[in-house]
Amino acid sequence: MTASNELKSASELGRFISFEGTEGVGKTTAIEALCARLQDNGIDYLRTREPGGSPFAERLRSILLDPATSIDDDTELLLLFAARCDHMQQVILPALSQGTWVICDRFTDSTIAYQGYGRAHGDSVMLTKIDTLIAQFIPQLPELTLWLDLPVDEGMARAGKRSVADRFEQQASDFFMRIYEGFSALADQHPDRIQLIDANGSSEEVNARIWQVISARFDLS
Ligand code: T5A
């Protein structure tokens, strides 16, 4: 944590909220709606995403998502954390210390689900590497994570409406089933932080479920 964060009480810091889920579950759509509600409530927010969110991390995102990129699993993991470290230091921590809410499309849970479960099949060596990187380089985790829960094939059908699949979207369906298991395991491990949101139904229905959770948690109308 930065020195400026240490000087502030928890109530002066912005809220840090992440959205998670498998491909195409509707995070981008839901975040747009949440940000509009925050604005209506006069809350200063920053909308960001991973991989990416800072100029340097966005450059790494292009490499990570490029179907032409061919790298081993450890290199992928380290690039994701290089991007996250820069995003954290350049964007997230400064915003939080100014009282700005940070709404982040994916964060460390995606690495555990995609690299830990998707790539490495839940291998304990890979999960330990990820835990170590989090402990060493990520001084602040989201206080609330909304896991948009949707059957993998329905999310893929939504995401598949796009013309070009990125490097992750090109994986076989069992890769995404393992990712789903990863998110499910994380939700069991962190019941206070990770809130499951049923992502079935219309965008309006999903947005209403999300606002119910956020408004109750942070006492908003
Ligand atoms: N990754 C990321 C890792 O492997 N490790 C990591 O540590 C991190 C941080 C990021 C990729 O990087 C990987 C994971 C990803 O594969 P991305 O393009 O940001 O790539 O991918 P996603 O985060 O999956 O984003 P998507 O845009 O694919 O999915 P969203 O944001 O969940 O879905 P959204 O809102 O774009 O919606 C998808 C489609 O469904 C429609 C939308 O209009 C859109 O067409 N839709 C609905 N349709 C019906 N009903 C609803 N309720 C709908 N809500 C949205």
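By convention here, the first residue in the shown sequence is residue 1. Fair warning: this is a prediction, and the values are worked out from it, not measured in the lab. In listed order, ligands and their atoms are each counted from 1.
Polar contact check, Val206 against ligand 1: no nitrogen or oxygen pair lies under 3.5 Å apart.
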- side-chain contact (heavy atoms from CB on, under 4.5 Å) between Phe175 and Arg119: does it pass, once the steps are laid out? CA-CA 7 Å; Phe175 175 76; Arg119 295 278 192 230; 3.9 Å; yes

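Contact atoms of ligand 1 toward Thr111: 6 (C), 7 (O) (distance under 4.0 Å to a heavy atom of the residue). Taking a cut-off of under 4.0 Å to the non-hydrogen atoms of Glu50, the atoms of ligand 1 that pass are 9 (C). Below 4.0 Å from some heavy atom of Lys27 lie the following atoms of ligand 1, by number and element: 22 (P), 23 (O), 24 (O), 25 (O), 30 (P), 31 (O), 32 (O), 33 (O), 35 (O). Heavy-atom contacts of Ser203 reach the following atoms of ligand 1: 51 (C), 52 (N), 53 (C), 54 (N) (cutoff under 4.0 Å). Contact atoms of ligand 1 toward Leu65: 20 (O) (distance under 4.0 Å to a heavy atom of the residue). When each atom of ligand 1 is checked for a heavy atom of Arg84 under 4.0 Å away, the hits are 7 (O), 9 (C). The contact set between ligand 1 and Gln115, taken as ligand atoms under 4.0 Å from a residue heavy atom, comprises 3 (C), 4 (O), 5 (N), 6 (C), 7 (O).
Atom CD in Glu32 sits 10.5 Å away from atom CG in Asp105 (nearest 0.5 Å). In this structure, CD on Glu20 lies 14.5 Å from CD on Gln195, to the nearest 0.5 angstrom.
Residue nearest to atom 18 (O) of ligand 1, selected from Arg49, Glu23, Arg61, Glu169: Arg61 (by heavy-atom distance). When the options Met156, Gln171, Arg158 are ranked by their closest heavy atom to atom 48 (N) of ligand 1, first place goes to Arg158. The closest heavy-atom contact to atom 43 (O) of ligand 1, among the options Thr29, Val25, Leu79, comes from Thr29. Taking only non-hydrogen atoms, the option from Gly53, Pro51, Ala33 nearest to atom 10 (C) of ligand 1 is Pro51.
When all heavy atoms of Ile130 and Ile112 are compared, the pair lying nearest together is CG2-CG1, 3.7 Å.
At a threshold of 4.5 Å between side-chain heavy atoms, the hydrophobic network of Ile, Leu, Val, Met, Phe, Trp and Tyr places Ile138 and Leu144 in two separate groups.
Leu141 has its side chain out of reach of Ser18: every pair of non-hydrogen atoms, C-beta onward, lies at least 4.5 Å apart.
Under 4.0 angstrom from ligand 1, the non-hydrogen atoms of Thr28 come from both its backbone and its side chain.
Look at Gly201 and you'll find a heavy atom under 4.0 Å from some atom of ligand 1. Using a non-hydrogen distance threshold of 4.0 Å, Gly21 does not register as a contact of ligand 1.
For Phe107, the ring pair (Phe, Tyr, Trp, His ring centres under 6.0 Å) partners are Phe16, not counting sequence neighbours.
Figure legend: cation-pi geometry between Arg59 and Phe56 absent, as NZ or CZ is not positioned both under 6.0 Å from the six-membered ring centre and within 45° of its axis.
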Could you list the donor-acceptor pairs under 3.5 angstrom formed by side chains in residues 34-43, with sequence neighbours left out?
unit_1	atom_1	unit_2	atom_2	d
Asn41	ND2	Arg37	O	3.0
Asn41	ND2	Ser221	O	3.4

